[in-house]
Amino acid sequence: MAGLKTIIALSFVLAIGFLLVILSSALYSNYYPLLVVATYILAPLPNAICARCSNPDDFIDGAGNGVLDFGRFLTGFFVVMGIALPAVLWHSQIIVMPAMVMSIIGGLLIYGTIISFLMFFQEDTNF
Amino acid sequence: MSGLWRFPFPKLPSSAALRTAGIYTSGALFSLGFFLPLDASIYSKHRSGGNVHVTIVDWLPLVCSMLGMLVINSIERSRLLADNFSYSGGGVAWKAKLVLFMGFALMAGGLAGAATVLIMKYVVPGYPWPTLGFGIAGVVGSACIMLSSVVLWVSQNIEEDYSYNLSL
């Protein structure tokens with residue numbers, strides 16, 4: 001279902017996202033917005049790790065589900081952190097308003113790319 | 001739960017997607033509750049010209065709330081309702097309820113402490129807005145963590161309904 005066009009489109013979106021984030025740092029020679037990239041790259045990791053550690057089909061003992069929930073919780077934390085970090089930096093006048101907007105949009109593009117890549121190209125190991 | 005109250009609890013909608021969304025929302029609320037006081041702290045360090053700053057006193061209620069949330073959500077939930085099953089030994093439900101009570105007390109204490117800091121440190125001396133905001137950020141942060149805990153609790157109870165329906 002996902003072919004070459006999807007890969008090309010996703011890589012374009014990823015490149016635009018990185019462009020926006022790097023621009024938001026380099027234009028004002030203030031490299032704090034680069035933290036957003038680290039946040040959004042970290043965001044899908046807990047889900048990936050916790051999905052390995054647990055067996056969601058196991059309803060007998062709830063322990064595996066707890067690990068899975070913790071991963072989702074951390075993902076939610078990181079996604080909001082990616083938006084909140086530039087907002088906090090802007091509110092304290094460490095970065096300026098356009099840098100905040102650009103880094104938030106760029107970060108969301110990067111995260112959206114990662115998520116849709118995982119969705120499109122996930123191997124169905126369940127069945 | 002059943003057999004004690006005259007009115008039945010409303011059945012939570014049982015769907016795995018709703019539960020997942022609830023857990024993500026809970027993480028987002030926790031993040032909000034962490035970053036609001038962090039914002040106040042950085043603002044007070046970098047921008048505010050006043051001589052009142054965010055100190056460790058403002059952070060203590062938040063730490064209490066987070067510890068309470070950790071305690072509440074670490075409890076195995078099925079032990080709360082299992083009164084005296086043979087496998088769980090004597091008084092496991094009682095112990096679980098005691099730990100749960102301590103968790104709730106920590107969380108409520110965090111919120112109350114944040115309100116106390118707001119009143120004693122910022123409202124009573126009558127500071128103007130940007131300084132007053134530090135205290136309000138603490139209260140809102142603690143409330144967000146409490147709300148996050150509630151959402152997490154409710155969505156994990158959705159899970160129990162779901163698995164129950166499946167196992168039948």
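Below, chain A is the first sequence line, B the second, and so on; all start at residue 1. Hydrogens, waters and symmetry mates are skipped; everything else that's a heavy atom, side chains included, is used.
At a threshold of 4.5 Å between non-hydrogen side-chain atoms, the residues F73(A) and N73(B) do not count as touching.
Under the 4.5 Å side-chain heavy-atom criterion for ILVMFWY residues, no single connected hydrophobic cluster contains both V151(B) and F78(A). Note on L68(A): it does not cluster hydrophobically with L70(B), by side-chain heavy-atom contacts below 4.5 Å among ILVMFWY residues. V99(B) is not connected to F101(B) by any chain of hydrophobic side-chain contacts under 4.5 Å among Ile, Leu, Val, Met, Phe, Trp and Tyr, and they are in different clusters. Note on V71(B): it clusters hydrophobically with W153(B), by side-chain heavy-atom contacts below 4.5 Å among ILVMFWY residues. Both L23(A) and I95(A) are part of a single hydrophobic cluster, where members link through side-chain heavy atoms under 4.5 Å apart.
Most heavy-atom pairs under 4.5 Å with chain B, from the set V88(A), I94(A), L74(A): that is V88(A).
Residue contact with chain B, scored on non-hydrogen atoms closer than 4.5 Å, is absent for L89(A). Interface remark: S148(B) contributes side-chain atoms only to the contact with chain A (heavy atom separation under 4.5 Å).
With rounding to the nearest 0.5 angstrom, the CD1 atom of I23(B) is 11.0 Å from the OG1 atom of T75(A). Atom CD1 of I42(B) is separated from atom CD of Q93(A) by 13.5 Å, given to the nearest 0.5 angstrom. The OG atom of S31(B) sits 9.0 Å away from atom CD1 of I83(A), with the distance rounded to the nearest 0.5 Å.
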Requested in this report: Take V80(A) and L29(B) through the side-chain contact (heavy atoms from CB on, under 4.5 Å) test and state the conclusion after the steps.
Outcome: CA-CA 8 Å; V80(A) 176; L29(B) 277 172; over 6 Å; no
**Report entry** side-chain contact (heavy atoms from CB on, under 4.5 Å) between R19(B) and D69(A), intermediate numbers included
**Finding:** CA-CA 10 Å; R19(B) 170 171 172 272; D69(A) 288 350; 2.9 Å; yes
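The heavy-atom pair separating S92(A) from Y43(B) by the smallest distance is OG-N, 3.3 Å. Here the closest heavy-atom approach between residue R72(A) and residue Y24(B) is recorded as O-CD2, 3.3 Å. Nearest approach of L85(A) to F35(B), heavy atoms of both residues: CD1-CE2, 3.7 Å.
Around atom OH of Y28(A), more than 12 heavy atoms belonging to other residues, nucleotides or ligands sit under 6.0 Å away.
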